[in-house]
Structures are given as structure tokens and as C-alpha cells.
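Below you'll find the structure, written out as C-alpha cells, and then a few comments.
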Amino acid sequence: MAKQNNQKSAQTPMEETLNKHEAFFLKYQKQIIAAVVALVVIIGGWSLYQTYVAGPKAVKANTALAKGQEYFANARFDQALMGDSTGFPGFVKLAAELGGDAGNLANLYAGLSYAQLNKWQEAANYIEKFDGCDDQMISPAATGALGNVYAHLNQLDKAVSLLKKAADAADNNSLSPTFLIQAGEILESQGKKDEALKLYQTIKDKYFNSMAYQTIDAYIERASAK
């Protein structure tokens, strides 16, 4: 126990700050990624149908993505990325070979899979390739996931920018408060309490029907403390 206490006390303020960041993003990473995946599964299938139903590649594209989604849902991220021995090529190959919505979604899934494996740079590379879509939820959720990825890469200013962008694009009680709180937490850890306070106040003023509204006063009080 004494050894553990000594190690803890030996940490620099910067190390303690980074540990707090890591704990925060580990806490929220799963739910953000799960939200993105749920939206992709629900909406992506319809989008693919609309795009490919008249073409000969319709069945192949849908079947391949569905198999990858199955691997992802079962936390078999290596197979989701790189494929299997039964003919599924993996999201990495699908992203390179398919065009349109199918290839676009494959990029997103590849990035989310890499994130689940804690391979943050690879995750960033693929989610960056996702070109968005017309859906009001998938694109903001993907942007928020990318913000989380950059936070893990310790590119905190970029993470904050993406999280704020995601919150603005979503503009709803489901996603926006979560992204604003995440951005605020980062800003607080950077000593930018005034900027964090503005984000928390936005939740208080605008997203009063959200779950986050119930606890936002505590964030406001903390960021207001001198």
C-alpha cells in the first residue's frame, strides 16, 4: 500500500490531468460508439437499399456489411476489420473497394472498430474518411465519436472543436448535451473554466428536456468556482 501511495504522489500535475482525461473518456467511449453503431445499423440499411436496390451489387454490399455488423455487435473487432475465412473481406477492404454509401459506412465501421481496439490513430484515419450522410443523427454522432478519438490521442483542442461541432449539428436533447459536457470537461482540465461554463450554460438554457439537465447545475457550480 505504501508503495502505491508513493507512486501516486510521485505523479506530476500533468500526469494526474491526463489520468483524469483517460478515466472520463473510458467512461463515455462505449456509450458514444454504441450510439453511433445503433444509428448506422438502423438507418444505414435503408440508405443502402435506396442506393443499391436497382444494381447488381445490392445483395453483395448489404450482405457484406451485415456480416461485419454482426462481428462488431459481438465484439469481434479483428474479424470485423480484417474479415474471416468464409468470404467476408472485412471493413478495411470493403472501405477500399466499395463506393457510395456502402463504402462510406465501411469507413465509419472500420474507424469505430479500431477505436474499440484502442488503436486511436487508425480509428481517426478511418472516421475522418467518413463523408457524412443526410441523416440528422449519424453524421453528428460520427463527428462526436471522432472527437472522442482525438481526445484519446491527446489532441485536446481538436477534440473540443469536433465535440462542439457535433453538438451544434445534432441540436437535440439526445446527443448535444453529452458532447457539450465532454467538451466542457476537457476545457476545465485545460484551465479554461470560462469556456467550459458557456457550454454547460447552453445545456441549462437550451436542452432542458435532456437527461443532462438534471445534473448540469453541478457542472456549472464547479466551473464557476475560482
Side-chain angles (χ1 to χ4, degrees), residues 25 28-155 158-159 161-163 165-166 169-170 175 179:
F25 285 105
Y28 285 98
Q29 169 203 348
K30 297 291 184 182
Q31 71 183 60
I32 294 300
I33 291 177
V36 178
V37 172
L39 290 166
V40 170
V41 170
I42 294 169
I43 301 169
W46 172 249
S47 178
L48 286 173
Y49 175 82
Q50 292 291 318
T51 303
Y52 289 97
V53 68
K57 294 182 179 179
V59 174
K60 183 178 179 181
N62 279 288
T63 301
L65 284 173
K67 184 62 176 179
Q69 290 169 347
E70 180 182 337
Y71 278 133
F72 191 102
N74 290 311
R76 298 172 65 179
F77 304 115
D78 287 318
Q79 286 95 333
L81 282 165
M82 300 303 174
D84 56 27
S85 59
T86 64
F88 171 62
F91 286 129
V92 169
K93 191 171 183 179
L94 287 174
E97 293 182 349
L98 295 177
D101 286 355
N104 200 29
L105 289 174
N107 276 314
L108 178 56
Y109 266 115
L112 296 174
S113 297
Y114 275 122
Q116 293 283 15
L117 295 172
N118 298 325
K119 295 182 178 181
W120 303 110
Q121 188 56 63
E122 292 89 340
N125 293 342
Y126 276 93
I127 301 178
E128 286 277 14
K129 293 177 183 178
F130 178 64
D131 195 29
C133 60
D134 293 333
D135 182 74
Q136 195 74 23
M137 296 288 280
I138 291 181
S139 290
T143 301
L146 185 60
N148 278 262
V149 168
Y150 276 114
H152 279 284
L153 290 170
N154 204 33
Q155 296 185 38
K158 190 166 188 175
S161 177
L162 285 165
L163 288 165
K165 179 181 178 180
L175 296 177
F179 295 145

Which heavy-atom pair separates [X] from [Y] by the least distance, and what is that distance?
{"X": "Leu175", "Y": "Ala170", "result": "CB-CB, 3.9 Å"}
{"X": "Ala166", "Y": "Gly144", "result": "CB-N, 3.5 Å"}
{"X": "Val149", "Y": "Ile127", "result": "CG2-CD1, 4.1 Å"}
{"X": "Ala115", "Y": "Ala123", "result": "N-CB, 3.6 Å"}
{"X": "Asn104", "Y": "Lys129", "result": "OD1-O, 3.9 Å"}

Contact between Leu163 and Asn148 at the side-chain level, heavy atoms closer than 4.5 Å - yes or no?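 Leu163 vs Asn148: side chains touch.
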Taking the side chain as every heavy atom from C-beta outward, state whether Tyr126 and Leu108 have any pair of such atoms under 4.5 Å apart.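 Of all side-chain heavy-atom pairs linking Leu108 with Tyr126, none is under 4.5 Å.
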Working to the nearest 0.5 Å, report the span between [atom1] of [X] and [atom2] of [Y].
{"X": "Lys165", "Y": "Ser139", "atom1": "NZ", "atom2": "OG", "answer": "9.5 Å"}
{"X": "Phe91", "Y": "Leu112", "atom1": "CZ", "atom2": "CG", "answer": "9.0 Å"}
{"X": "Phe77", "Y": "Tyr109", "atom1": "CZ", "atom2": "OH", "answer": "11.5 Å"}
{"X": "Leu105", "Y": "Ile138", "atom1": "CG", "atom2": "CD1", "answer": "6.5 Å"}

Under 3.5 Å donor-acceptor pairs involving side-chain atoms of residues 78-88, not counting sequence neighbours:
| from | atom 1 | to | atom 2 | distance (Å) |
| --- | --- | --- | --- | --- |
| Asp84 | OD1 | Thr86 | N | 3.0 |
| Asp84 | OD1 | Thr86 | OG1 | 2.9 |
| Asp84 | OD1 | Gly87 | N | 3.2 |
| Asp84 | OD1 | Phe88 | N | 3.0 |
| Asp84 | OD2 | Tyr71 | OH | 2.5 |
| Asp84 | OD2 | Thr86 | OG1 | 3.1 |

Taking atom types as modelled and ignoring hydrogens, do the side chains of Glu70 and Asn74 form a donor-acceptor contact shorter than 3.5 angstrom?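 No.
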Taking the six-membered ring for Trp, are Trp120 and His152 parallel (under 30°), tilted (30 to 60°) or perpendicular (over 60°)?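 Parallel: the ring planes of Trp120 and His152 meet at under 30°.
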Tyr150: partners by side-chain hydrogen bond (donor to acceptor under 3.5 Å, both in side chains), with sequence neighbours left out: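 Counting only residues at least two positions away or on another chain, Tyr150 forms a side-chain hydrogen bond (donor to acceptor under 3.5 Å, both in side chains) with Glu128, Lys158.
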